[in-house]
Amino acid sequence: MDAAVRKAWHAALAETDADLKCARVAALRVDVAAACDDDPRAVPGRPPKPVLISPRDVPRRGLGTREGRAALLHAVAHIEFNAVNLALDAGWRFAGLPAAYYADWLGVAQDEARHFLLVRARLRALGSDYGELPAHNGLWEAAEKTAHDPLLRMALVPRVLEARGLDVTPGMMDRLRDVGDRDTVAVLEVILREEVRHVEIGTRWFRHLCAERRLDPDATWTRLLAEHGVRLHPPFNLAARRAAGFSDAELPAAAGA
Ligand SMILES: [Fe+2]
Ligand SMILES: [Fe+2]
C-alpha cells in the first residue's frame, strides 16, 4: 500500500464521526502495489455514542411499535458501523497479501458504509438516530481476538459473524413485513444480497491462506471454531451460505452444530 493510500485508509479507520467516516471510505482508492509495512495498531474511530454495554443488557423489544423497530434498526446500524471498521482493519492490519485482497476489503468497507447510511436514514425516518440507544462491542472484540492472523480473521469474522447475518436477516425481514414496514425490508434486501459477497470474499481469502500454509480448509475451519469456542446455532440460510462458498463439508458441520 503506498504511503498516501495508507494515510487515507488510516484516516478513514480513525475517523470518529459516523457520516464523515462513510464519506472518507467512499473516497478511498486502492492502487496498491504492496502491503503495509509499518506498525499495525488498532485505531478504530467511533462516535462517543452509542454507549457500549454488555450484550446481555441490550434491551429487546417487539416490532409492533415504532420504538421496537427503531431498536432493531439501531442494532443493525451498529453492526454496519462496526463492519466498516472491520473491513478497513482487514486491509490496514495484514501485510503481504496480493493487491486483490486490499481491493476486496476496500469494496466491502464501501458497501458497509452504504449499508450504515441506508439504515441510519431509516432510523431517522422513525424519529431516532444512531447513538440514541446503547449497543454492545462484540464485533470489535472479534477483531482484537483475530488481530494477529489474517487466516483466523477470515475464519471467524466474515465466515462466522457476517455469515450469521445471512442466517438471521430473512427472519428479520419476515417480521418487518408482518408489521408492514416495507421501506426497512427493502433496505435489508440490499444488505442481504451484498453480504453474500462479503462472506464469499472471506471464504476466498481463507482458502488462499490455507493453501499458502498447506492446510486443509474444511478441517482447518472446523478446528478453529472448536479452538475458539464458537458454536453455530440455527436457523441456517444454507442457500446463501452455499452462494458464499461454504463447502458441503462445512454446511453439515454448520447445520449439525
Ligand atoms: Fe453490511
Ligand atoms: Fe458485510
Side-chain angles (χ1 to χ4, degrees), residues 1 6 9-10 12-14 21 25 35-46 52 54-55 78-98 100-109 111-112 115 135-168 195-233 241 244-247 250 253-254 257:
M1 204 180 278
R6 187 163 171 74
W9 196 297
H10 175 269
L13 182 56
K21 182 189 289 283
V25 168
C36 52
D37 52 9
D38 53 345
D39 177 24
R41 279 166 302 160
V43 284
R46 65 169 75 256
L52 299 178
S54 155
H78 187 63
I79 288 169
E80 300 296 348
F81 182 84
N82 275 282
V84 177
N85 277 341
L86 279 163
L88 289 173
D89 188 78
W92 162 264
R93 179 177 298 281
F94 300 118
L97 283 135
Y101 170 89
Y102 303 97
D104 276 345
W105 285 104
L106 175 57
V108 174
D111 285 352
E112 306 296 13
H115 296 173
H136 69 80
N137 200 31
L139 284 177
W140 191 255
E141 284 162 11
E144 288 175 343
K145 199 165 84 172
T146 58
H148 60 287
D149 184 359
L151 187 150
L152 188 62
R153 172 68 63 85
M154 296 299 114
L156 297 190
V157 175
R159 306 198 86 221
V160 171
L161 297 176
E162 289 194 275
R164 182 76 191 144
L166 303 182
D167 295 332
V168 301
E195 291 300 331
V196 172
R197 185 170 69 240
H198 301 175
V199 180
E200 188 276 325
I201 285 169
T203 293
R204 194 146 30 81
W205 291 109
F206 173 72
R207 296 228 173 99
H208 171 94
L209 288 158
C210 284
E212 262 185 11
R213 300 180 197 182
R214 298 174 191 278
L215 295 169
D216 174 71
D218 291 348
T220 301
W221 191 61
T222 309
R223 173 174 61 76
L224 291 174
L225 293 190
E227 280 176 11
H228 291 270
V230 177
R231 297 219 34 196
L232 305 175
H233 301 284
R241 282 178 177 264
F246 282 88
S247 69
E250 291 169 319

Query - Nearest atoms (heavy-atom pairs only) where Cys210 meets Pro217 - result: SG-CA, 3.8 Å
Report task. Verify whether one side chain among Asp104 and Trp205 offers a donor that lies under 3.5 Å from an acceptor in the other. Result -> yes
Requested in this report: Looking only at non-hydrogen atoms, find the nearest pair between Ala155 and Val160 and report the distance.
Outcome: O-CG2, 3.5 Å
Query raised in the report: Would you call Arg46 and Asn137 a side-chain contact if the rule is heavy atoms closer than 4.5 Å?
Result: yes
Requested in this report: Locate the shortest heavy-atom distance separating Ala12 from Val25; write the atom from each residue and the value.
Outcome: CB-CG2, 4.1 Å
Report task. State, with a plain yes or no, whether a side-chain heavy atom of Leu225 is found less than 4.5 Å away from one of Leu156. Result -> yes
Report task. Take the angle between the ring planes of His10 and Trp92 and call it parallel below 30°, perpendicular above 60°, tilted in between. Result -> tilted
Query - Beyond-backbone contact of His208 with Tyr101, side-chain heavy atoms, under 4.5 angstrom - result: no
Query raised in the report: Any idea which heavy atoms bring Met154 and Gly202 closest together, and the distance?
Result: CB-O, 3.7 Å
Query raised in the report: Do Leu152 and His228 have side chains that get closer than 4.5 Å, going by heavy atoms?
Result: yes
Query raised in the report: Rounded to the nearest 0.5 Å, how far does CD1 of Ile79 lie from NE2 of His115?
Result: 12.5 Å
Report summary line: Here the gap from Phe246 atom CZ to Asp218 atom CG, rounded to the nearest 0.5 Å, amounts to 11.0 Å
Query - Donor-acceptor pair, side chain of His78 and main chain of His136, under 3.5 angstrom - result: yes
Query - Thr222 OG1 to Glu250 CD distance, which is reported to the nearest 0.5 Å - result: 6.5 Å
Query raised in the report: Does any non-hydrogen side-chain atom of Asp167 lie less than 4.5 Å from one of Leu232?
Result: no
Query raised in the report: So, for Ala244 and Val196, which heavy atoms are closest and what is the spacing to 0.1 Å?
Result: CB-O, 3.7 Å
Query raised in the report: Does the side chain of Phe94 reach to within under 4.5 Å of the side chain of Asp149, using non-hydrogen atoms?
Result: no
Requested in this report: Verify side chain to side chain contact (heavy atoms under 4.5 Å, CB included) between Leu224 and Val230, making sure each step is shown before the conclusion.
Outcome: CA-CA 8 Å; Leu224 291 174; Val230 177; over 6 Å; no
Query raised in the report: Just by distance, do the side chain of Trp140 and the backbone of Asn82 share a donor-acceptor pair under 3.5 Å?
Result: no
Requested in this report: Evaluate side chain to side chain contact (heavy atoms under 4.5 Å, CB included) for Arg197 paired with Val108, printing each intermediate quantity in order.
Outcome: CA-CA 8 Å; Arg197 185 170 69 240; Val108 174; over 6 Å; no
**Report entry** Salt-bridge contact Glu141-Lys145 (side-chain N to carboxylate O under 4.0 Å)
**Finding:** no
Query raised in the report: Mind checking whether Asp89 and Arg153 have side chains closer than 4.5 Å, heavy atoms only?
Result: yes
Requested in this report: Measure the spacing between CD of Glu80 and CG of Leu86 and express it to the nearest 0.5 Å.
Outcome: 11.0 Å
Report task. Rounded to the nearest 0.5 Å, what's the gap from CZ on Arg93 to CH2 on Trp105? Could you check? Result -> 13.5 Å
**Report entry** Reported OG1-to-CZ distance for the pair Thr220 and Phe206, which is rounded to 0.5 angstrom
**Finding:** 5.5 Å
Query - Close side-chain approach of Lys21 and Asn85, heavy atoms under 4.5 Å - result: yes
